[in-house]
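Hydrogens, waters and symmetry mates play no part in the numbers below; they use all other heavy atoms, side chains included. Below, read A as the first sequence line, B as the second, and so on, with proteins coming before strands; counting in each chain starts at 1.
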Amino acid sequence: MLEDKEFKAFFSRDAAEVAPDMIGWNFFVNGVGGTIVETEAYNRLDPASHSFKGLSKQNRSMFGSPGCAYVYRIYGLHWCMNFVCSDASAVLLRAIVPIKGVQQMQERRRTNDLITLCSGPAKLTQALGIAGALDGVSLNTSPFEFEPRQQIPLISCGARIGISRAVEVEWRFWLSDNPFVSRSSARRINGSNRRHHVSR
DNA sequence: CCTACGATCCCCT
DNA sequence: GGGGATCGTAGGC
């Protein structure tokens, strides 16, 4: 866990900068979780972002303090988890490698398949027990826990998934050649828009 | 392998 | 009344 000041500074940047920097971190909720391997960035100038049209009832956490959670319900069924960054930008958590509390995750997800246990934004919230009650909560306090990465991994970037606007913006980031991301690497391996991202 | 579709809720237009 | 930062399953090739 980081000191409060360091933690705040880390998230007080645009999500497009923070999103690749989160790849390789460990993230836990009540001790359950694993390694972040896929993220996406959304910001206020971005037509695909919930914050694009300004403050509203359902996106208010996105306009809150950097370093807090923005949890929203999608399609009336699932929950998605974001890390709030500066100026109403946020990092969508899209996939993690299950490390701790695997049995509990398998029970919540009703599957034993490790590859698909947390390979999607709504799968991982179900596995980690994230729901609307955690919307707006500071990420630097219980039940959340972070472990920064020890070295900078090789990261790929490409177009974001499941959006209808600003589809060409390449703000999806993933750990290169990792099988736990939400879309299989086999499908993407010959893709023309696959490229490596230069990280700090 | 791929595409299509239904489930289900709430805010916004 | 529309539509969404999704998922699982069904069915075709």
Remember a base hit wins even if backbone is also touched, and classify [X] as base, sugar-phosphate or nothing at under 4.0 Å, heavy atoms.
X	result
A/Ile74	sugar-phosphate
A/Ile163	sugar-phosphate
A/Arg60	nothing
A/Ala122	sugar-phosphate
A/Gln58	sugar-phosphate
A/Met81	nothing

If you compare every side-chain N and O of [X] against the phosphate oxygens of [N] (OP1, OP2), does one of them come in below 4.0 Å?
X	N	value
A/Ser56	B/dC12	yes
A/Ser49	C/dA5	no
A/Lys123	C/dG8	yes
A/Arg109	C/dC7	no

Return the value, rounded to whole Å, for the distance between atom [atom1] of [X] and atom [atom2] of [N].
X	N	atom1	atom2	answer
A/Arg160	C/dA5	CZ	C1'	8 Å
A/Tyr72	B/dC12	OH	P	15 Å
A/Arg73	C/dT6	CZ	P	15 Å
A/Arg172	C/dA5	CZ	P	16 Å
A/Asn59	C/dA5	CG	C1'	13 Å
A/Leu117	C/dG8	CG	C1'	15 Å
A/His50	C/dT6	NE2	C1'	12 Å
A/Trp79	C/dC7	CH2	P	15 Å

Practice item. Provide the Watson-Crick or G-U wobble partner of B/dC1, both distances under 3.5 Å; none if there is no partner. Key: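 Looking at the geometry, B/dC1 pairs with C/dG12.
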Review point. Now, which nucleotide makes the Watson-Crick or G-U wobble pair with B/dT8, with each of the two distances under 3.5 Å?
Key: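 Base-paired to nothing in any strand shown.
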Check your understanding: Think A/Arg13 forms a cation-pi with A/Phe10, using NZ or CZ under 6.0 Å from the six-ring centre and within 45 degrees of its axis?
Key ->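 Geometry flag: set, cation within 6.0 Å and 45°.
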If you check every side-chain atom of [X], which of [options] has the closest atom?
X	options	answer
A/Lys57	B/dC11, C/dA5, B/dT13	B/dC11
A/Tyr75	B/dC12, C/dT6, B/dA7	C/dT6
A/Arg94	C/dG4, B/dC11, C/dA5	C/dA5

Check your understanding: Can a donor-acceptor pair be found between the side chains of A/Ser86 and A/Asp14 at a distance below 3.5 Å?
Key ->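 Judged by distance alone, the side chains do not pair up.
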Review point. Do A/Ser156 and A/Ser176 get their side chains close enough for a donor-acceptor pair, meaning under 3.5 Å?
Key: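 Their side chains do contain a donor-acceptor pair, which is all the 3.5 Å distance test asks for.
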Exercise for review: Could you give the distance separating C/dA5 and B/dT13 at their P atoms, to the nearest angstrom?
Suggested key: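 Result for the P pair: 14 Å, nearest Å.
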Review point. Are A/Met62 and A/Phe83 in one and the same hydrophobic cluster, where Ile, Leu, Val, Met, Phe, Trp and Tyr link if side-chain heavy atoms are under 4.5 Å apart?
Key: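 Each belongs to a different hydrophobic cluster.
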Practice item. Flag as yes if A/Tyr42 stacks onto the base of C/dA5 (centroids under 5.5 Å, planes under 30°), otherwise no. Key: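 Base of C/dA5: stacked against A/Tyr42.
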Point to revise | Positive for salt bridge (Lys or Arg N to Asp or Glu O under 4.0 Å) with A/Glu38, one of A/Arg94, A/Arg160, A/Lys123 | key: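 Answer after filtering A/Arg94, A/Arg160, A/Lys123: A/Arg94.
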Review point. Would one find more than 12 heavy atoms of other residues, nucleotides or ligands at under 6.0 Å from atom CG of A/Asp87?
Key: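 No - once you tally the heavy atoms of other residues, nucleotides and ligands closer than 6.0 Å, there are 12 at most.
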